Amino acid sequence: DVKVTQSSRYLVKRTGEKVFLECVQDMDHENMFWYRQDPGLGLRLIYFSYDVKMKEKGDIPEGYSVSREKKERFSLILESASTNQTSMYLCASRRPGTAYEQYFGPGTRLTVT
Amino acid sequence: GENVEQHPSTLSVQEGDSAVIKCTYSDSASNYFPWYKQELGKRPQLIIDIRSNVGEKKDQRIAVTLNKTAKHFSLHITETQPEDSAVYFCAGETGFQKLVFGTGTRLLVSP
């Protein structure tokens with residue numbers, strides 16, 4: 001049973017703070033992803049990684065960075081949190097190749113005040 | 001890059017009715033199209049998918065159809081039940097193993 005976990009379900013931070021969101025998967029998946037989910041906008045890709053030390057920008061990378069030091073862990077970093085980064089953040093993992101199921105974490109609802 | 005459009009954004013049906021959600025995609029090279037269901041407060045989960053070499057796939061009350069020529073695919077739910085109420089996302093897979101998601105459809109099934 002694939003499990004993707006995220007470090008927090010709810011997080012409240014102040015403007016300007018550095019924020020770390022952690023994601024861990026236990027299925028040895030090479031591919032990992034970070035999305036943000038906003039009403040009416042669906043799931044938008046922030047960053048993804050094909051393997052350790054590798055990262056690629058998604059559709060909305062501005063204001064974010066990522067770190068993948070171990071295969072099972074993918075971290076999303078908000079260098080200086082802003083109110084427009086208030087959102088639900090979802091991590092996901094997937095086997096490499098085409099047509100494989102993508103598994104999501106439970107999400108972190110981040111509020112920046 | 002790939003762009004996936006999804007309609008409608010909201011769909012209300014009576015229990016027992018059918019529901020249809022439609023998506024279009026832009027990249028003719030896309031070859032895998034999954035559908036995810038997200039119940040309130042929960043993570044998205046795969047409910048059905050289809051590959052580009054298949055025109056239709058069924059799993060009990062849900063089915064997906066794909067028209068590659070027109071670049072659109074649809075989710076069909078028959079005999080809807082209140083537990084079908086959720087947000088549904090379609091997606092297309094790009095050549096970079098990324099899924100591009102539609103904006104979601106909120107389905108409400110009333111008893």
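Since this is a predicted model, take the numbers as computed values, not measurements. So you know, we letter chains A, B, ... as the sequences are listed, proteins then strands, and number each from 1. Values below: every heavy atom of this structure, side chains too, minus hydrogens, waters and symmetry copies.
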List for me each residue that meets side-chain contact (heavy atoms from CB on, under 4.5 Å) alongside A/V24, sequence neighbours excluded, and say none if there are none. A/T5, A/E72, A/R73
Is it the case that the side chain of B/R43 and the backbone of A/C91 share a donor-acceptor pair, with hydrogens and angles ignored and the cut-off at 3.5 Å? no
Name the region of A/R94, side chain, backbone, both or neither, that has any atom closer than 4.5 Å to a heavy atom of chain B. side chain
Measure A/E56 against the heavy atoms of chain B and call it side chain, backbone, both or neither at under 4.5 Å. neither
A/R109 versus chain B, the contacting section by heavy-atom distance below 4.5 Å: neither
Between B/P44, B/G104, B/G41, which shows the greatest number of heavy-atom pairs under 4.5 Å with chain A? B/P44
Kindly indicate, with the supporting measurements, whether the criterion side chain to side chain contact (heavy atoms under 4.5 Å, CB included) is fulfilled by A/Y50 and A/R68. CA-CA 10 Å; A/Y50 290 131; A/R68 185 127 183 243; over 6 Å; no
Contact part of B/Q6 toward chain A, heavy-atom cut-off under 4.5 Å: side chain, backbone, both or neither? neither
Pick from B/L46, B/N31, B/D49: which one has the most heavy-atom pairs with chain A under 4.5 Å? B/L46
Is A/K71 atom NZ crowded by more than 12 heavy atoms from other residues, nucleotides or ligands, each under 6.0 Å away? yes
Give the member of A/G107, A/P106, A/G40 that has the highest number of heavy-atom pairs under 4.5 Å with chain B. A/P106
Fit a plane to each ring of B/W35 and B/F73, take the angle between them on a 0 to 90° scale, and name the class: parallel (under 30°), tilted (30 to 60°) or perpendicular (over 60°). perpendicular
Contact class of A/P39 relative to chain B, heavy atoms under 4.5 angstrom: neither
How about CZ on A/R95, more than 12 heavy atoms from neighbouring residues, nucleotides or ligands closer than 6.0 Å, or not? no
Can you confirm whether more than 12 heavy atoms, excluding those of B/E83, are under 6.0 Å from its CD atom? yes
Angle class for the A/F104/B/Y36 ring planes (parallel below 30°, perpendicular above 60°, tilted otherwise)? perpendicular
Non-hydrogen atoms of chain A under 4.5 Å away: do they reach the side chain of B/P34, the backbone, both or neither? neither
Plane angle bin for B/F101 and A/Y35 - parallel if under 30°, tilted between 30 and 60°, otherwise perpendicular: perpendicular
Under a 4.5 Å heavy-atom cut-off, does chain A meet the side chain of B/E93, its backbone, both or neither? side chain
Side chain, backbone, both or neither: which part of A/L43 has an atom under 4.5 Å from a heavy atom of chain B? both
Relative to chain A, which segment of B/F33 carries a heavy atom at a distance below 4.5 Å: side chain, backbone, both, or neither? neither
Count the heavy-atom pairs under 4.5 Å between each of B/V87, B/V100, B/L99 and chain A, then report the option with the highest count. B/L99
